[in-house]
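Each chain gets a letter, A, B and so on, in the order its sequence line appears, and its residues count up from 1.
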2 protein chains.
Amino acid sequence: MKQSDIKYTNQRIEILDFLREFDGHPTVDDVYEGVRQKLTRISKATVYNNLKFLAEKGLIKEVNVKGVSRFESNLIPHHHTICLECGEIQDYESEELSEYAMSIAKEIDDFKIGSTDTNFYGICKKCMEME
Amino acid sequence: MKQSDIKYTNQRIEILDFLREFDGHPTVDDVYEGVRQKLTRISKATVYNNLKFLAEKGLIKEVNVKGVSRFESNLIPHHHTICLECGEIQDYESEELSEYAMSIAKEIDDFKIGSTDTNFYGICKKCMEME
DNA sequence: GTACGTGCAAATGATTTGCGTTAAG
DNA sequence: CTTAACGCAAATCATTTGCACGTAC
């Protein structure tokens with residue numbers, strides 16, 4: 001299926017717009033609440049189905065943290081810092097790490113690498129100050 | 001709470017034994033079915049509660065793949081290859097990558113790193129041969 | 001003996017699906 | 001027009017919780 005086969009419905013356009021403008025890594029509910037401002041009649045099932053669809057098409061990226069799906073429109077390879085206290089997620093870009101991980105992955109026998117994904121688990125600034 | 005505070009109930013012992021002997025990354029259901037062979041009356045809630053508990057105590061490790069929790073008793077830092085077709089998970093050990101990721105993580109401002117986690121997404125041998 | 005763990009069933013939360021209706025191309 | 005997408009409600013799946021009873025230490 002080519003990218004040109006994608007039907008750009010109002011719902012999909014609004015979801016993509018929302019993700020492009022959102023600063024962070026929204027959950028399905030975040031996207032639903034956000035998009036509902038403009039498309040008041042959109043259903044949550046449509047949000048679910050479209051986020052999954054758009055991720056499969058490679059137009060957005062899915063990030064699974066602690067069993068909950070989150071989404072982002074930043075397609076440039078990058079990493080995430082995840083706070084073990086409050087769950088906050090921040091982007092962190094290290095081209096060197098991305099490339100190093102890929103170079104290691106290419107060496108693995110009997111495995112055709114597609115992409116790598118590195119998360120950093122720790123304590124964020126806000127939670128550090130609280131203690 | 002110290003490690004010595006852990007109550008070693010039959011249920012916990014069987015769960016730990018099962019994980020030590022299992023070759024792979026079992027889901028909660030896998031563990032439940034396995035442990036049930038010996039402890040026929042164990043409840044799934046107990047399996048859930050104990051897997052969570054043991055992971056918090058650091059006696060086992062939790063691996064979240066596509067929103068589903070899996071567990072392993074291998075505590076040595078390592079990575080996972082995850083097949084995008086069939087979902088199969090394999091361990092892959094690269095001490096260099098683990099150390100490199102940690103060294104990068106230590107440089108991040110306003111973040112106290114605890115651990116890093118790298119996954120390789122691609123196609124496994126079995127699925128490659130099928131095409 | 002007591003605090004913590006267990007089994008069970010019910011509750012919750014995330015996500016998916018079936019179906020009649022609607023709209024994109 | 002025709003096929004894929006939508007909205008809605010119901011269904012499913014993973015996981016958690018409340019409570020009366022049982023057991024590790």
Side-chain angles (χ1 to χ4, degrees), chain A residues 1-19 24-57 59-72 82 87 89, chain B residues 1-19 24-57 59-72 82 87 89:
Chain A
M1 210 187 290
K2 297 162 294 179
Q3 181 154 321
S4 54
D5 286 338
I6 295 176
K7 273 193 188 171
Y8 282 93
T9 63
N10 278 332
Q11 290 85 339
R12 286 182 183 161
I13 290 165
E14 287 299 335
I15 289 170
L16 286 170
D17 277 359
F18 177 81
L19 286 175
H25 303 78
T27 62
V28 175
D29 274 11
D30 294 334
V31 177
Y32 176 59
E33 290 306 332
V35 172
R36 217 144 68 102
Q37 305 301 315
K38 293 203 173 170
L39 293 176
T40 44
R41 291 185 54 73
I42 196 171
S43 81
K44 202 181 274 189
T46 296
V47 176
Y48 267 100
N49 291 333
N50 277 329
L51 286 171
K52 191 181 177 183
F53 174 87
L54 294 168
E56 277 164 4
K57 293 294 177 195
L59 295 185
I60 63 177
K61 263 183 67 184
E62 184 170 353
V63 187
N64 197 294
V65 179
K66 266 186 69 69
V68 179
S69 287
R70 293 171 172 275
F71 298 87
E72 61 185 1
I82 299 167
I89 307 166
Chain B
M1 210 186 289
K2 298 161 293 177
Q3 182 155 322
S4 53
D5 287 337
I6 296 175
K7 275 193 185 170
Y8 282 93
T9 63
N10 279 332
Q11 290 85 339
R12 285 180 185 165
I13 290 166
E14 287 299 336
I15 289 171
L16 286 170
D17 277 358
F18 177 82
L19 286 176
H25 304 78
T27 62
V28 175
D29 275 11
D30 293 335
V31 177
Y32 175 59
E33 290 304 332
V35 171
R36 217 145 67 104
Q37 304 302 316
K38 292 203 174 168
L39 293 176
T40 45
R41 291 186 54 72
I42 196 171
S43 80
K44 202 181 274 190
T46 296
V47 176
Y48 267 100
N49 291 333
N50 278 329
L51 286 170
K52 191 180 177 183
F53 173 87
L54 294 169
E56 276 164 5
K57 294 293 177 195
L59 296 184
I60 63 176
K61 263 183 68 185
E62 183 170 354
V63 187
N64 197 294
V65 179
K66 265 186 69 69
V68 179
S69 287
R70 293 171 173 275
F71 298 87
E72 62 184 0
I82 299 167
I89 306 167

Expressed in angstrom and rounded to an integer, what is the separation of [X] atom [atom1] from [N] atom [atom2]?
X	N	atom1	atom2	value
Ile6(A)	dA23(C)	CD1	P	21 Å
Asn49(B)	dC19(D)	CG	P	16 Å
Glu14(B)	dG7(C)	CD	P	12 Å
Arg70(B)	dT15(D)	CZ	C1'	16 Å
Leu16(A)	dA5(D)	CG	P	14 Å
Leu54(B)	dG5(C)	CG	P	11 Å

Less than 4.5 Å apart, any side-chain heavy atom of [X] and any of [Y]?
X	Y	value
Leu19(B)	Leu51(B)	yes
Tyr8(A)	Leu16(A)	yes
Val31(A)	Asn50(A)	no
Ile60(B)	Ile15(B)	no

Quick check on [N]: is either OP1 or OP2 less than 4.0 Å from any side-chain nitrogen or oxygen of [X]?
X	N	answer
Lys7(A)	dA23(C)	no
Arg12(A)	dA5(D)	yes
Thr9(A)	dC6(D)	yes
Lys52(A)	dT15(C)	no
Thr46(A)	dG7(D)	yes
Gln11(A)	dG7(D)	yes
Asn50(A)	dC6(D)	yes
Tyr48(B)	dT15(D)	yes

* What are the two closest non-hydrogen atoms of Ser69(B) and Asn64(B), and how far apart are they? ->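 Minimum heavy-atom separation between Ser69(B) and Asn64(B): OG-ND2, 3.8 Å.
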
* To do: Look at the side chain of Ser69(B) and decide which nucleotide, out of dG25(C), dT15(D), dT17(D), has an atom nearest to it.
  =>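 For Ser69(B), the side-chain atoms sit closest to dT15(D).
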
* DNA chain D: Ala45(B) or Val47(A), which has the more 5' nearest nucleotide? ->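 Result of the comparison: Val47(A).
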
* To do: Specify the residue among Asn10(B) and Val28(B) whose closest nucleotide of DNA chain D lies further upstream toward the 5′ end.
  => Val28(B)

* Look at all strands and tell whether Thr27(A) reaches a base, only sugar-phosphate, or nothing, counting heavy atoms closer than 4.0 Å. => nothing

